[in-house]
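A note on names: the letters A, B, ... follow the listed sequences, proteins ahead of strands, and every chain is numbered from 1. Computed from a predicted model, the values in this text were never measured in an experiment.
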Amino acid sequence: MSLHLEHLNPEQLAAVTLPDQHALILAGAGSGKTRVLTTRIAWLLKSGAVSPAGVLAVTFTNKAAREMLARLTAMLPVSPRGMWIGTFHGLCNRMLRAHHREAGLPQSFQILDTADQLAAVKRLLRGANVDEDRFPPKDMQYFFNARKEEGLRAGEVPVSDAIARRHVELYAAYDAQCQREGVADFAELLLRSYELLRNNEVLREHYASRFRHILVDEFQDTNRLQYRWIRLLAGTSARVFAVGDDDQSIYAFRGANVGNMAEFERDFGVQKVIRLEQNYRSHGNILDAANALIAHNRNRLGKNLWTATGEGERVRVYEGESDVEEARFLVEETQALAREGRRYADMAILYRSNAQSRVIEHALFGAGISYRVYGGLRFFERAEVKHALAYLRLAANADDDTAFLRVVNFPARGIGARTLENLQDAARARGASLHASIDALGGKAGGALAAFRALIGSMREQTRGLQLAETVEHVVARSGLVEHYRAERDGADRVENLSELVTAAAAFDVEEATAGLETGQGDVEAVPVDPLTAFLTHAALEAGEHQAGEGQDALQLMTVHSAKGLEFDAVFLTGLEEGLFPHEQSVMERDGLEEERRLAYVAITRARHRLYLSFAQTRMLHGQTRYNVPSRFFDEIPEGLTKWLTPRFAGRRRAAVPSFAPAQAAPKLKGFGRPEGAGGFRIGQNVTHNKFGAGVIVDAEGHGNDARVQVNFGRQGVKWLAVGVAKLQAA
DNA sequence: GTGAGGCCCCTTTTT
DNA sequence: GGGGCCTCAC
């Protein structure tokens, strides 16, 4: 076994070879975090401190788990089987399947993804006659998940007023509905697994004595419940090795709690905090820009990245007149880089929000540059695939009401809203599932429902004993989905995806997916595995890689969030405008600006050799033109590190431009379409005012000297000024 | 019961 | 500008 310890720097080596104790590793961007994590595991095994079965390593994404597994496999002489390596949800799922009885779940319980959960919540609210304007389904979904992530069941949530009481009642009803239907949402996987360990001493002791070493990746992204789960699992004897970077915490909005890092230090009495500060990715100027920016955050554990690779090029800055101009610049510049011999796949265009990609895509498409957009719908989330999966879920468990409602009338088979309302009433009255309540309805509607029940029944019968792929093929064929989509104008892709689903089932390795689940007879963790359930679980927990364009030389487009963990030779960080980045809605939130700054930090540290920052004076967003002020983040990067490709702020007196300036959406031009309308001024023009400083005209009315213009002065506010009175000057 | 057109809203995202 | 959802007309 070759660990190549000689290639590690002193801090990395210290982390890898740390004696038997808890540790917190503050691993800066590009500091070799994954390498340290995997080498640590290999070192523990090699030194005989632990056997593979005593190791549990947990990550956030399937991708990170796969990466870790691949590196370990390459490093170890033996297969890493026996170790528990996976995502929080994957590991909790595994535990719940093994101990489903103790956890109070059916062995083949189904997992609701976010969309399934929302559908289930809507159904609940409608059934309970809840006013959806007062209790929006999305808000309720958020409420349930937030409580679960705090580890609270309905009975434990403090109630202060009537509204809160209603929330809690609905929370209880939602959980009861899930329980009745034998389904669990994502947060439930964690909470149920946590409760299982908490309430069952035998199991807790079993796992506490099994896992000697627990390693946690991206620790800054853990939420409170995940942290408590780790604490419980570690018990008093396991050692926890937590790796994270508080400066890269960008998921507070979905419950991540950076505070877990400090809490971990305290709760576990961590003796050793190791900082990995040498960056192996970026050139000096890029790193200095990142460091200078993040230094503006107050709440930091403190860390300063350095590099031995030299300062490299300056950070290039570009100002466009419009988003279209900015996109044109991106096209020209990436083409120029390509001519110099760089691969498009080594360049990335990053943006704050997905809506920004459209203009860029349009320009790239026009120029014939092949590109790949990350994010968006993934394979198992596509409507047609989810429909097919719903039929499969019903074949496995006919009481799955979410799946039932999804396809009972898709393709259309004459079962309308009225019929379903009646059926739901009947089911509620009996406390039974929809499927089990079909007999309650007679007449024509009852007949159509009975036919559907027969279809599901025959799917179940006829797939008994078949291989997984045959099962999927049979169910897809009988569902009528293929005929339905064939008849649609643009249905070809969907038909294609349905056959792709059969292929995915054939390629699905049941053995691998369930490795270690079916252990020896009498083993406490043993669990019989049904391939269909394994496949459906895989579909829910791993929505599928973004397909298409993998491996070809395509320019990479993605949000800053999805760029985390990746690196590129050249990075274009676009749309650096107040209101967009930092986003106006974040600026309002507590600690929101700091998270935006960390986001910018993550973006900047993705670049190896070359970094571009760009912004535009005007941008079309949500169908309206907005006139923007450059991002305050420009003020936070020392001038000496940058090189402006356009005149610095194009004549704007940057110093006077305030750092808080929510972007203004300009109303439709009120008879003010001509460029020189209001006393020589035009919308979008930069102006200065003696008292308010620099600003930009966002609206106007009237003509000549009677005209009034609305000016966005950023922090000084937005003012209407009479052109004839206010001494406005063109900037 | 079904499909077409109107209306609303609009960060970030993994499991 | 555009996608999802709802209402309305057949």
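A:Phe186 comes within contact range of at least one nucleobase, with a heavy-atom separation under 4.0 Å. Heavy atoms of A:Phe88 sit nowhere under 4.0 angstrom from any nucleic acid atom.
Per the geometry, NE2 belonging to A:His89 stands 12 Å off C1' belonging to B:dT13, to the nearest Å. Between the CD atom of A:Glu218 and the P atom of B:dT13 there is a distance of 15 Å, rounded to whole Å. One interatomic measurement links the two molecules: CD of A:Gln141 to C1' of B:dT15, which rounds to 13 Å at whole-angstrom precision. Atom CG in A:Asp217 sits roughly 14 Å away from atom C1' in B:dT14 (whole-Å rounding). Atom CG of A:Leu621 and atom P of C:dG2 are 13 Å apart (whole Å).
The residues A:Arg126 and A:Glu421 are annotated as not salt-bridged, no charged nitrogen and carboxylate oxygen being separated by less than 4.0 angstrom. Note on A:Asp116 versus A:Arg393: salt bridge recorded, some NZ/NE/NH1/NH2 to OD/OE distance being below 4.0 Å. Salt bridge annotation for A:Arg632-A:Glu578: present, with a cationic side-chain nitrogen under 4.0 angstrom from a carboxylate oxygen. A salt bridge does not link A:Arg358 to A:Glu361: none of the charged side-chain nitrogens sits closer than 4.0 Å to a carboxylate oxygen.
More than 12 heavy atoms of other shown residues, nucleotides or ligands fall within 6.0 angstrom of atom CZ in A:Arg231.
Here A:Tyr351 pairs with nothing under the ring pair (Phe, Tyr, Trp, His ring centres under 6.0 Å) rule; sequence neighbours left out.
Proximity of A:Thr559 to the phosphate of B:dT13: a side-chain N or O atom is located under 4.0 Å from OP1 or OP2. Between A:Thr114 and the phosphate of B:dT14, there is no side-chain N or O to OP1/OP2 separation shorter than 4.0 Å. Listed pair A:Arg378 / B:dT15 meets the phosphate criterion, a side-chain N or O lying under 4.0 Å from OP1 or OP2.
With hydrogens and angles disregarded, no donor-acceptor distance shorter than 3.5 Å links the side chain of A:His538 to the backbone of A:Ala534.
Rounded to a whole angstrom, the distance from the P atom of C:dG4 to that of B:dT13 is 16 Å.
A cation-pi arrangement is present between A:Arg97 and A:Phe109, with the terminal nitrogen or guanidinium carbon under 6.0 Å from the aromatic centre and inside a 45° cone about the axis. A cation-pi arrangement is present between A:Arg147 and A:Phe143 under the rule of less than 6.0 angstrom and at most 45 degrees off the ring axis.
Taking 90° from 0 as the syn/anti boundary, the base of B:dT11 is oriented syn.
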With the criterion being N/O to N/O and under 3.5 Å, what pairs connect the protein with nucleotides 9-11 of chain B, and how long is each?
residue : atom : partner  : partner atom : Å
B:dT11  : O4'  : A:His583 : NE2          : 3.3
B:dT11  : O4   : A:Glu589 : OE2          : 2.7

Polar atom pairs (N or O), protein with nucleotides 1-6 of chain B, under 3.5 Å:
residue : atom : partner  : partner atom : Å
B:dG1   : OP1  : A:Gly416 : N            : 3.0
B:dG1   : OP1  : A:Thr419 : OG1          : 3.3
B:dG1   : OP2  : A:Ala417 : N            : 3.4
B:dT2   : OP2  : A:Asn409 : ND2          : 2.8

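When each of B:dT13, B:dT15, C:dC6 is scored by its nearest atom to the side-chain atoms of A:Arg254, the top-ranked nucleotide is B:dT13.
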